[in-house]
Structures are given as structure tokens and as C-alpha cells.
Amino acid sequence: MKEYFIQNAKAFVGETVTLKGWAYNVRKSGKIWFLLLRDGTGIMQCVVTSFDADEASFALKDEITLESSVLVTGVVKAEPRSPGGYEMLAHKLELVAIAEEYPISKKDHGIDYLMDNRHLWLRSKRQNAIIRIRHTIIKAIRDFFDARDFTLVDTPIFQKAATEGVATLFATEYFGEKAYLAQTGQLYGEAGAAAFGKIYCFGPTFRAEKSKTRRHLTEFWMVEPEMAFYDLDMNMDLAEEFVTYIVAQVLEHRRPELETLERDTSKLEAIQVPFPRISYTEGVKILQKNGVDFKWGDDFGGGDETIISSQFDRPVMVHRYPAAIKAFYMKRDPENDKQVMALDMLAPEGYGEIIGGSQREDDIEKLISRIKDDGATEEDYSWYLDLRRYGSFPHSGFGLGVERVVTWICGLKHIRETIPFPRTISRLNP
RNA sequence: UCCGGAGUAGCUCAGUGGUAGAGCGAGUGGCUGUUAACCACCAGGUCGGGAGUUCAAAUCUCUCCUCCGGAGCCA
């Protein structure tokens with residue numbers, strides 16, 4: 001089957017082809033009119049005159065509306081006057097379906113109105129660019145792990161127990177008992193690492209936090225690799241290679257889209273290994289030197305992260321956090337019992353945390369002690385503790401928030417445009 | 001949950017006590033190279049809901065609702 005798509009226009013210059021799409025814009029004159037045809041891969045200006053097109057096709061100018069679906073047959077040629085550089089001289093137009101008055105006009109709209117019409121807004125050039133870049137990022141993620149012999153181990157979305165505090169989980173009814181929507185697949189990922197060595201899980205995760213910021217969604221996608229016999233340094237090595245690869249793939253395949261978004265690509269070209277690595281304690285010193293009233297033991301806020309990351313032109317990895325502000329499963333620093341072998345990666349330009357990870361606690365006694373400190377019991381984590389009972393092993397992993405990465409790479413102000421249908425505290429529809 | 005901002009035509013907004021406005025979009029007509037095309041004409045309103053002050057409220061007061069931005073929490 002031979003198909004023609006606008007993004008490949010260069011390949012069929014001079015040929016008579018049929019393009020299938022929607023009327024992105026129509027500009028009419030008396031004896032000539034211009035149809036901007038959108039087919040999902042690009043936009044082609046089609047010129048319709050009464051000389052080259054048949055009478056019925058030409059007369060469509062008085063009938064066609066924005067976003068009407070239409071087939072256009074004509075000859076494609078290079079044309080500098082046309083946006084995109086190519087143009088179709090139309091011979092024949094076939095209206096597939098006339099569109100009602102399109103809600104999204106060519107002038108400005110407010111964000112809430114556009115989000116109410118998200119199902120239509122996705123047709124716009126800007127949204128197309130963002131979602132295509134998202135696609136490339138996700139493909140890069142899968143390719144990266146595939147090339148390094150990781151096995152995909154899918155983890156459950158319905159989960160019995162909270163990993164990090166029930167308050168932030170969505171509860172649902174599961175045949176008479178309570179179940180929670182996953183906010184991480186990590187504990188299951190550790191079981192996977194013991195079974196397959198190097199694994200990753202990749203799926204939607206859910207947070208019921210009532211966060212109202214430009215960095216939060218209630219439903220977002222997270223990829224979580226978990227590696228047997230990896231310590232914290234190996235974990236950081238992998239994380240920086242991973243992020244570098246993702247950025248490189250977007251630069252290689254999505255230049256036009258980055259241009260549509262007016263992204264400063266020099267900022268992305270700077271993303272090369274090695275990334276700076278600083279300890280939490282060094283991070284505290286940076287804050288204090290910048291006049292922040294910050295004491296060892298506190299967690300970094302959004303503004304603190306921005307100050308730290310702005311010291312560097314590439315992502316910075318902050319490691320060895322105070323144990324008290326991190327999760328129970330993180331391994332104690334053998335050299336300092338107050339610290340855990342955690343790592344956060346902060347994106348440049350103030351985009352904040354894109355990765356959180358750690359080396360995991362492999363000493364069952366220390367793990368049980370931490371579980372009890374959190375007010376839980378051994379029984380609550382019985383299968384998880386089995387991973388330490390039956391051949392405990394050093395292992396590490398991290399989670400990367402896909403939408404945060406899309407926000408950063410695209411240079412967006414808000415995370416809500418990075419997923420086709422965002423879920424936020426105030427948005428469940430469409 | 002806390003702090004700040006906003007809600008007026010289909011959309012984006014102006015209008016700070018005295019007859020509700022503009023641009024865009026829709027509609028009608030014109031135009032053979034348009035680039036968010038342009039020009040002319042034209043229709044379109046329970047000023048978020050409720051209560052109050054006043055001769056008079058989009059405008060002042062109270063209250064509720066919704067949304068936006070920020071904080072906290074996090075990817």
C-alpha cells in the first residue's frame with residue numbers, strides 16, 4: 001500500500017498524489033484560495049484556482065470550514081512562498097465531512113479553555129511538537145535499556161500496601177478490601193532484579209497529593225530501572241548515561257519540533273557526561289553561601305533546588321541525603337549512619353528533580369528496624385523481606401519522571417502540556 | 001490546607017456608582033499569491049451564584065462556587 005504523508009513531501013515532488021487530512025486554515029480570495037492541509041505529520045499549503053481545479057472543487061471555498069476533513073489530489077512542488085517550502089497545486093478536492101464551527105480559533109485562548117478542549121487542542125502545531133518529542137523520549141528510554149540487556153518487568157498498578165505513606169495514595173475498592181493505585185513499582189522491581197539481574201518497569205503512577213504547581217500531575221509516567229550488584233556510584237553512572245542518551249536522541253530526531261517550541265538547543269547540546277556529583281552536605285554549603293537560611297537535615301525545596309542546579313550547565317546529582325528525610329528502603333551510608341545512599345538528579349534551568357533513586361538496604365536487620373521506625377510491621381513487608389532472606393545482594397535503581405523530562409527538554413513553563421490528557425487536582429476531563 | 005489573583009459576548013479582554021464595549025470568531029458581500037490574509041456590513045450579553053448598601057451596582061460590602069499562580073509534598 002502506497003501512502004503519502006506531508007512530512008515526506010520532498011520525496012514526491014513533481015508527482016500527482018492524494019493527501020488526506022483536515023483543513024488547518026483557509027485563506028480565500030476571489031479566484032484563488034489557499035487551503036492549509038494538516039495530516040498529522042505536517043502542514044501542506046494547497047493552492048486552489050479555477051484554472052487547475054475542477055468547478056466543484058473550487059466551489060468548496062464557500063463551504064469548507066476549519067478542521068473539515070478532506071482529500072486533496074494535486075501536484076506537489078517546491079515553493080518558497082509556501083510555509084514549509086512545498087505546495088500542492090490542487091486538481092481535485094473531496095470533502096469527507098464538514099466540521100461544525102471549530103472551538104479553537106486562530107487567536108489567543110486561555111489555558112483552562114484550551115484544556116477543556118484538550119481533545120482538539122492536540123491538533124495544534126505546538127501540541128503536536130510536544131507529543132512527538134514525548135514519543136521520541138519514550139522510545140529512547142526503551143532503546144537505552146534494550147541495548148544494555150535490561151528485561152522489562154511490569155509491576156502491578158493495584159497494590160495492597162503503601163510504599164511511602166498512605167495519605168498520598170489513591171484508594172480504591174478491590175473485591176471487599178482496600179487497594180491503592182501504584183505510586184511506584186520499585187519494590188516489585190527489586191524482586192525483578194533478583195530474578196533477571198537488570199530490569200526496568202515503565203508505567204503510569206499515581207499520587208493523591210494536592211499539589212498545585214507547574215511540576216505536578218496526579219497521574220504520570222515513570223520508568224524505574226533496578227540493577228543487581230550495582231552500588232550507588234554505578235547507579236549514578238547509569239543515570240547520567242541514560243539522560244545524556246535521551247537528550248541526544250531528541251536532538252537527533254526532533255530538531256523541527258524543538259524549533260517550533262523555540263527551545264534554545266545549545267542548552268541541550270551541553271548535556272554530556274560526566275554530570276557534576278555533589279553530596280547533600282555540599283549542597284547545603286552551596287545554599288548557605290547563597291544566603292539561604294538552611295540547616296543540615298532539612299529537605300530541599302523547589303527554590304533550593306533551583307539555586308543548586310543553577311551552579312551547573314548540566315544536570316547535577318546530589319547524593320547521600322539525611323536518612324530521616326528519605327525512604328525506609330534506602331541503604332545506610334557505611335561511613336555515616338545518619339545518611340543514606342540516595343541520589344537525586346536536578347535538571348538545569350530550574351526544572352528541578354527529574355530522577356530520584358538509591359542503593360537499597362540489603363541488610364535485613366537494618367531494614368526491619370527502619371520498617372518499625374515507620375510504624376509498620378515485618379508482616380506488612382513479608383514478601384519484600386524475602387528478597388533479603390533468600391540471597392540478599394547489593395542493588396540499586398532510580399525512577400525518572402517522564403513528564404518532568406519532557407517539560408525540561410521542551411523548555412515548557414508547565415508540565416500539563418507534556419501528556420496528551422493530563423490529570424491534575426482539578427482536571428479529570430477530557 | 002495556607003497565601004495571592006481572576007470570573008463581563010463563542011474566545012481574549014477593556015470597562016471603579018449613572019443607557020454594557022472592543023478585537024477575534026460566526027454570518028453576508030468583495031478581492032488571482034494569501035502567510036493568525038485583507039476590506040465593508042451585520043448578529044450576538046441573566047456582567048460566576050446568592051444576599052445586602054444605594055434613587056441607581058459589572059463597579060461598593062458579605063458569602064458561596066469555580067479556575068489560575070505560589071507554598072508544602074514529591075518524579
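Just the heavy atoms: all of them, side chains too, but no hydrogens, waters or symmetry mates, feed the values below. To find a chain, count down the sequence lines: A is the first, B the second, and so on, and within it residues start at 1.
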Exercise for the section: Find out whether the Lys NZ or Arg CZ of Arg423(A) is both under 6.0 angstrom from the six-membered ring centre of Phe421(A) and within 45° of the ring's axis. Expected result: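 Here Arg423(A) fails the 6.0 Å and 45° test against Phe421(A).
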Counterpart base for [N], defined by Watson-Crick or G-U wobble contacts under 3.5 Å:
N	value
C74(B)	none
G7(B)	C65(B)
U34(B)	none
U12(B)	A22(B)
G44(B)	none

Between G5(B) and C13(B), how many Å separate the two C1' atoms, rounded to a whole number?
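Comparing C1' positions in G5(B) and C13(B) gives a spacing of 16 Å.
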Is there a side-chain polar atom (N or O) of His414(A) under 4.0 Å from OP1 or OP2 of C68(B)?
->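 No, no such contact exists.
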* For A26(B), does OP1 or OP2 lie under 4.0 Å from any side-chain N or O of Ser105(A)? ->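 No, outside the criterion.
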Does a donor on one side chain sit under 3.5 Å from an acceptor on the other, for Tyr329(A) and Glu190(A)?
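The answer is no; no qualifying pair exists.
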Parallel, tilted or perpendicular, judged at 30° and 60°: which one describes the rings of Phe300(A) and Phe294(A)?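 The arrangement is tilted - the two ring planes meet at 30° to 60°.
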- Task: Could you state the atom-to-atom distance from CH2 of Trp221(A) to C1' of A75(B) in whole Å?
- Result: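 Spelled out: CH2 on Trp221(A) to C1' on A75(B) is 15 Å.
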- Query: Could you give the NZ-to-C1' distance, from Lys28(A) to G25(B), as a whole number of Å?
  - Reply: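 So the two atoms are 13 Å apart, to the nearest Å.
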(request) Tell me which nucleotide among C74(B), U34(B), U1(B) gets nearest to the side chain of Arg81(A). (result)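 In terms of side-chain proximity for Arg81(A), the closest of C74(B), U34(B), U1(B) is U34(B).
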Pair of N/O donor and acceptor under 3.5 Å linking C67(B) base with Arg427(A) side chain: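 No.
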request  = Indicate whether Phe34(A) forms a stack on G33(B); treat it as stacked only if centroid distance is below 5.5 angstrom and interplanar angle below 30 degrees.
outcome  =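 Stacking is absent between G33(B) and Phe34(A), given that the ring centres and planes do not meet under 5.5 Å and under 30°.
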request  = Taking the six-membered ring for Trp and the full ring for Phe, Tyr or His, determine whether the centres of Tyr381(A) and Phe328(A) are under 6.0 Å apart.
outcome  =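 Close enough - the centres of the two rings lie under 6.0 Å apart.
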- Message: Using a heavy-atom cut-off of 4.0 Å across all strands, would you classify Glu87(A) as base, sugar-phosphate, or nothing?
- Response: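 Touches a base.
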| Pick the nucleotide of RNA chain B nearest each of Val402(A) and Thr424(A); which residue has the one closer to the 5' end? |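 It is Thr424(A), whose closest nucleotide lies nearer the 5' terminus.
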